[in-house]
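One structure is given below, encoded as structure tokens.
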Amino acid sequence: MIYDPNPVAFWLLAAMVAGCALAVVRARKLFHAGLALVGTLFAVAGLYGLLQVWFLAAVQVLVYAGAIAIMLLFAIMLTHHMMTPDLKSLTTQPWTAAALCLMLLAILLGATLTSTWQTAPDTTLSPTWTPKSGFQVAEAVPSIKALGFRLLDPFTLPFEMVSVLILVSMIGALVVARKNPALPKAPEGREEEAP
Amino acid sequence: MHEQVAAAALEGAAANVWLVPLLPFLAFLIISFLTRPWGRVSAAVSILALTGSLGVSAQVFWQRFTQDAPPMQVAVPWITLAPDHPLGTIELGLLVDNLSAMMLLMVCFVGLCIQIYSTAYIQTEIAHFPTQGSASMSRFFGWMSLFTFSMLGLVLSHNLLEIYIFWELVGLCSYLLIGFWYFKHSAAEAGKKAFVVTRFGDLGFLMGILMLGVALKGFDFLGLSQKFTQGIPEGLTAGFVALAAVLIFCGAIGKSAQFPLHVWLPDAMEGPTPVSALIHAATMVAAGVYLVARLFPVFHPAGHAGEAALLVAWIGGITAFLAATIAVVQNDIKRVLAYSTISQLGFMMAGLGVGAYTAGSFHLITHAFFKSLLFLGSGAVIVACHSNDLWRMGGLRRHMPFTWFAFLMGCLALAGVPPLAGFWSKDEILGYVYAAPGGMALFLVLTFSAFLTAFYVTRMYFLAFEGPYRGAEKAPADLAGPVPPLSLPAPFPTSQALDVAPEWTEEMATSSQEDLPAACRGAGMEHVPHGLHAPKEVSPWMWGPLLVLALFAVFLGFAGVPTGVGLGLPNFFEGFIHLSGEGHPHEFHWTPMLLSVVVALAGIALGAGLFAGNPERGERRLRSGLRLVWPFLQQKWYLDHLWARALAGTMYAGALTMAWIEANLVDRAVFGLAGSVRSWGDWLRSEHTGKVQHYALMLLLALVLLAVGIGMVEPGFFTSRQFVINLLEGGR
Amino acid sequence: MTNALTMLQALAPEVVVAATAFLVMGLDLRRNPNPRAQATVAIWGLLAGALATVPDWLDTAASNSALTLWGGIFVADPLSVVFRALACLTGALVLLFSIDPIDTERRNPGDFVTLVPFVVLGLMLAVSAGELLTFFVAFEIVSLPLYLMAAWNRNERGSAEAGMKYFITGSVSSAVMLYGISLVFGTVGTTFFSQIATRYETLADPPQAFVLGSLMILAALGFKIAAAPFHIWAPDVYQGAPRPSAMFISTAPKAAMVAVMLRLFWGTLALQGRDFRLAETWMVLLAVMAILSMFWGNLVALAQTDIRRLMACSGIAHIGYTLLGVLAASRAGAELEGAAAAIYYVVVYSFANLAAWGVIVLVGWRTGSDRIQDYSGLARRSPFLAFALLISLLSLAGAPPLAGFLGKFYLFRALWEAQPAWWWMVLIAIVNSVISLYYYFGILKPVYFGAPQDQTSALVVPWRFRAGLLICLAVIMVLGLFPELTRITLEAGAAILAQPGAP
Amino acid sequence: MSPIGLNHFLALGAVLFCLGTYGVLTRRNAIAVLLSLELMFNAVNLNLVAFARFMPNLDGVVLAVFVIAVAAAEATVGVALVLSIYRNFRHIDLDQVDTMKG
């Protein structure tokens with residue numbers, strides 16, 4: 001049978017997602033926008049839960065709401081007096097952007113809603129593997145175990161690449177974000193090619 | 001040579017033939033990028049590379065000489081412009097046949113002698129320009145190597161387009177080396193003149209190549225030759241072939257300094273003397289002759305008169321005569337030799353024109369040896385006397401015995417004294433011309449030129465080597481200095497203003513002298529009493545190669561002694577280089593041979609009679625004897641002026657027209673167009689507002705527009721049944 | 001099944017470069033890091049990486065096959081070999097050109113040197129990725145450090161601004177691409193290139209979402225290569241970023257993305273097996289992008305006075321030309337020629353561009369200016385630099401007999417053969433080449449005929465620049481002199497992509 | 001209430017994506033732009049997870065995990081760049097970060 005989520009929960013969460021997202025893009029105070037983002041992220045996590053993808057819901061809360069949002073909040077605090085809307089006007093080109101976004105929405109909706117999707121009865125979730133029984137198509141809900149094997153078998157390379165990605169972005173970010181250092185005294189012998 | 005046109009692959013020693021041009025090229029790279037600061041190292045690199053090339057080409061030559069093999073070639077596609085079209089692929093290839101094998105050997109050997117000579121010689125020139133130093137030496141040897149590479153590539157070229165590329169490359173090298181002392185105005189001008197004048201010929205050459213190649217659907221020499229073995233190829237008219245051949249010959253006229261494009265070569269003597277020897281006597285100028293020999297069947301299609309060949313013959317004859325007359329009146333030793341080169345090239349062309357394939361090629365080879373010898377000898381003389389002026393020489397026989405001996409051998413060879421090399425080769429050309437139907441007029445012209453040759457050679461020899469040393473004296477006022485140049489009508493800019501053909505002035509003749517720093521100018525020739533600075537023999541590095549070349553100048557001729565002479569020698573040369581379908585069966589005639597001996601001896605006798613005792617008196621008598629034509633000859637038949645005027649006049653008129661067209665038509669159109677293009681640019685540029693969110697907006701707008709464009713959103717899209725169902729039912 | 005040895009061979013270049021990257025990073029952690037030594041290590045490591053592609057090449061080109069790992073996540077085929085080697089060489093050259101200025105100005109040279117091999121690693125993985133998300137992650141490994149390198153001069157407004165602009169526009173395009181990936185995944189249920197086409201065959205009705213998803217991916221790729229109309233960030237970023245970073249941005253990602261476009265729009269998204277309509281759609285789209293790029297790039301370049309902005313605009317135009325090859329490659333029957341032409345062109349472009357940027361970096365470092373008028377009299381201040389600029393710009397302009405001319409020629413011919421009805425596009429491209437001559441000569445004229453301003457002294461060219469420029473010029477000349485050799489090799493390499501079901 | 005299906009999630013994703021886009025295009029504050037970017041990434045994830053659940057195909061979840069990781073890296077870089085802008089301009093108003101144009 002096709003999976004059937006609870007409509008009430010969906011609409012509630014959907015409203016929360018849309019509302020919080022609207023707050024993110026329209027809030028007058030940046031701090032509120034940040035909080036609204038956290039709200040959105042939680043609501044999305046809720047939707048994952050509604051879809052029974054619990055692992056991702058947890059990741060969403062831990063990594064996204066817990067880490068990324070907090071980092072952004074720190075950035076807000078580093079660059080702002082916290083609660084003050086310090087810009088002369090909050091927005092630029094609001095109407096053009098709104099028109100564009102509506103067109104974009106129309107296209108996205110149009111394309112997705114006229115397509116037929118290959119949905120299938122909820123029996124063929126990706127197989128799991130146990131040492132005893134080998135591959136099995138058993139669980140209706142994508143399990144963490146299945147996910148882990150999937151990450152290890154075909155997606156090994158991107159998995160490793162993501163670690164490199166995070167490493168390099170941290171190296172670079174550290175350099176760029178660091179305070180202006182007083183230019184270090186050049187060690188001897190480094191000046192030979194200076195103009 | 002063409003009995004069996006089907007080419008074989010490169011085999012044996014010939015399989016290594018690619019090394020021959022490659023080694024000098026590597027030397028060029030090494031010198032340019034690695035050893036530039038060390039002149040002597042560069043010289044060593046260059047000479048080593050050339051020695052290697054010489055070794056390989058000697059092997060190739062030996063292989064060709066001992067085996068009777070068909071021409072060998074290899075080719076790879078180089079640039080494919082259209083894969084399916086016969087002309088769509090330009091090939092790079094190597095063609096090894098007897099002619100190219102012999103040319104390789106000649107170029108490498110003469111080049112090697114000249115380079116060894118240069119190691120000592122170039123330092124004396126560098127000494128005149130103390131700021132130049134070692135880098136100049138590297139520059140010299142680097143360019144010499146590049147030139148050698150280009151020349152060897154030209155010789156080995158397998159098709160017309162390839163030869164054209166190398167043709168231009170040797171032209172470039174010649175330009176670079178003529179203007180070697182680029183800060184000397186005259187040198188820079190001479191380089192430019194050589195470049196511009198030969199470009200006229202090359203234009204025709206390229207057109208001829210394209211005509212021939214496109215019409216015959218192929219550029220490679222063997223294929224072309226094969227198509228002509230049965231006469232004019234099908235689908236072509238004799239006129240078309242003749243026109244193409246004449247156009248190709250234009251290239252040869254330019255490069256081999258034939259009338260009327262010969263004017264650049266005397267000026268090219270501005271280059272260092274080894275350059276004159278290598279490029280403007282032995283190799284590059286022979287490229288035109290080589291080209292005509294390569295395309296011999298095109299000039300002489302079987303069973304046809306060969307109108308183009310007739311033109312070749314007469315151009316050659318005229319050139320030979322004209323240059324010989326001018327050489328008689330020259331006072332600059334290098335210019336005498338330059339005109340003599342032009343004249344001898346004319347002999348070769350005349351020979352090829354009447355079908356003397358073997359004889360023309362033979363003269364090409366012998367001439368390369370004795371003319372490079374003469375040039376190198378003149379270089380030694382110039383070094384010793386610090387002057388180019390024959391009137392500042394004299395008596396060098398006693399001071400420079402080795403140079404004297406070598407130079408004398410060269411002179412005798414050039415004059416055509418038996419049994420030296422020049423005699424046999426020139427005589428064979430004369431023999432062919434004599435035997436050619438309708439060739440009597442040409443024969444007389446050439447014979448007279450041969451007489452003149454013997455005469456001016458003798459004059460040069462006596463002025464330089466005999467009598468007293470006149471180094472300290474000024475030349476007698478009435479003997480030096482040219483007739484005032486023809487003044488041009490006022491509206492025409494002078495040639496100098498147009499940079500086309502700088503007029504000959506005394507300054508130019510002695511400019512190498514004028515530009516010397518005061519300290520070394522003449523090394524006190526004017527002020528120090530005579531005798532203190534007698535010329536000294538040059539270093540062994542210089543006279544050594546001279547003697548080697550002299551050996552060849554004396555004995556090389558025996559390789560091509562006509563069998564009819566009865567010396568019992570086989571005609572090696574003819575056995576090696578010959579055409580299967582040569583126009584005339586090779587008969588030996590005693591008449592031209594005896595005649596040429598007679599004229600040579602007569603010329604020598606006349607020269608000796610005039611110049612042996614008192615050269616000044618001889619010169620005055622010569623002038624009074626020739627007083628009607630003297631100014632004419634002195635002004636080089638006014639050809640330079642004619643060129644300058646014709647060019648200047650045409651160009652001036654053309655320039656006026658073009659100026660009008662440009663001001664009134666082109667400018668308006670172009671600036672109008674450019675203006676509107678620019679304003680479009682400015683308009684588009686204003687889209688770059690510098691605001692990042694504007695950029696992001698444009699990005700997404702572009703996405704939306706493209707999506708709409710490819711039909712993502714159509715009328716009725718949002719009211720379609722599927723859309724509504726999906727919207728309401730969530731796609732279940 | 002792939003055994004460990006195959007895997008090691010296929011991945012050898014990546015392993016070498018990754019090891020180099022980590023080694024260089026480790027060197028940076030020492031107490032007294034020596035950035036020039038780090039750069040040397042990195043350069044040799046990258047060269048070793050380029051060398052390590054040779055076994056892959058021999059293996060795949062000889063058997064005309066591809067080595068695939070993890071069911072197609074990683075593909076080692078001739079296309080990827082060419083571009084992996086190119087990425088390594090580009091990285092090495094960028095380091096060669098950048099270490100002197102960046103070390104002298106002491107702008108965290110060690111970290112800069114560390115990031116370069118990582119970026120190269122990302123590029124190598126991107127061109128060999130056989131799966132959308134792997135490709136995406138690989139490309140983020142390229143993009144994120146490049147955003148930061150653009151903002152590397154922390155004390156310069158322009159640099160920070162360039163980094164920010166690059167980041168925001170880049171992130172938007174990343175999000176767009178991800179959205180596209182999600183749509184494609186949703187329609188065909190896989191993100192593996194090799195499976196997308198086969199799965200698509202089984203669908204009843206070509207879904208709009210697939211087309212839109214592909215379009216979004218194409219748009220994001222267009223952003224990465226700075227093709228109009230997604231190019232608008234380029235001039236600002238090139239102008240503001242530190243010159244070495246701008247050099248890197250203008251070459252490496254573009255070349256890699258062209259390879260990815262070839263891979264993606266040739267069999268994967270064009271889906272020629274099923275119905276040609278979609279392939280036609282992409283051809284029209286690529287044509288629009290190509291024409292817009294050529295005109296926008298060339299016209300805006302005319303109006304520039306800053307050489308870096310000018311190079312940005314000319315880069316846009318060059319991508320326009322290259323897209324003609326990609327376009328031809330998506331036409332059945334002309335794939336080989338189109339792909340080979342695009343590859344040849346992009347390789348030639350990379351080296352010519354690197355040479356030109358090498359000069360820009362050096363001149364900018366020595367004089368602190370990028371105004372074209374300040375290049376006046378460069379020929380007298382340094383004949384070598386002027387010559388390098390001459391050759392590279394003439395090659396970019398497509399002047400015969402340099403490689404750029406043949407590159408353009410091949411592109412035009414491929415287009416002509418793929419779609420003779422579009423002859424007018426060839427005409428447009430030729431008109432554009434002519435326009436481009438105008439501004440390239442606008443640079444060369446002051447360089448050769450202008451007088452040096454205020455009698456400045458000779459420009460000393462450090463050996464690293466000399467070596468780097470010589471290498472670039474040598475490559476341009478060799479590619480120009482022996483185009484046939486290169487092109488045949490490329491065609492042989494590209495042949496594998498044309499096989500049905502190839503990734 | 002009608003049952004909830006795949007398209008509901010997709011439509012929500014589209015809305016979220018467009019809201020994020022709107023934020024990116026209009027917010028003058030650089031950090032707000034970063035927040036909006038996160039919305040866009042979340043929209044993608046929502047799509048992926050919905051596909052994964054309804055198709056059903058576990059790969060969607062795997063992709064979503066990667067997207068989260070990439071988003072984290074992007075945020076890191078974004079914050080670093082914002083700080084760099086702040087240092088140089090003493091503000092983070094993107095509309096006024098326009099020293100280069102034309």
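Chain letters run A, B, ... following the sequence lines, proteins first and then strands; every chain starts at 1. What you see is a predicted model; the values in this text were computed from it and never measured.
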Most heavy-atom pairs under 4.5 angstrom with chain A, which of [options]?
options	result
Gly23(D), Gly13(D), Cys18(D), Ser84(D)	Cys18(D)
Leu34(D), Thr21(D), Leu39(D)	Leu39(D)
Leu10(D), Leu35(D), Asn47(D), Leu83(D)	Leu35(D)
Val33(D), Asn45(D), Ile85(D)	Asn45(D)

Within the 4.5 Å heavy-atom criterion, are [X] and [Y] side-chain neighbours or not?
X	Y	answer
Leu12(D)	Leu47(A)	yes
Val44(A)	Leu46(D)	yes
Gln60(A)	Asn42(D)	yes
Leu105(A)	Phe17(D)	no

If you take all heavy atoms of Ala18(A) and Leu19(D), which pair is closest and at what distance? O-CD1, 3.8 Å

Closest non-hydrogen atoms of Leu30(A) and Arg27(D), given as atom of the first, atom of the second and distance, are CD1-NH2, 4.2 Å

What part of [X] is in contact with chain D, defined as an atom under 4.5 angstrom from a non-hydrogen atom: side chain, backbone, both or neither?
X	value
Ala33(A)	both
Leu104(A)	both
Val162(A)	side chain
Phe159(A)	both
Leu22(A)	both
Leu100(A)	side chain

Please tabulate, for side-chain N and O atoms in residues 60-80 of chain D, each donor-acceptor pair with protein atoms closer than 3.5 Å (sequence neighbours left out).
| unit_1 | atom_1 | unit_2 | atom_2 | d |
| --- | --- | --- | --- | --- |
| Glu74(D) | OE1 | Ser171(C) | OG | 2.6 |
| Thr76(D) | OG1 | Ala72(D) | O | 2.7 |
| Thr76(D) | OG1 | Ala73(D) | O | 3.4 |

Counting heavy-atom pairs under 4.5 Å with chain D, the top scorer among Val17(A), Val59(A), Val63(A) is Val17(A)

Option that, when pairs with chain D are counted at under 4.5 Å, heavy atom only, ranks first among Ala27(A), Ala36(A), Gly172(A): Ala27(A)

Has Gln93(A) got a side-chain atom pairing as donor or acceptor with Thr26(D)'s backbone, closer than 3.5 angstrom? no

Phe9(D)-Phe10(A) aromatic ring centre distance below 6.0 Å: yes

Report the residues that fulfil side chain to side chain contact (heavy atoms under 4.5 Å, CB included) with Ala30(D), sequence neighbours left out, ordered by chain and then residue number. Met164(C), Val82(D), Ile92(D), Leu94(D)

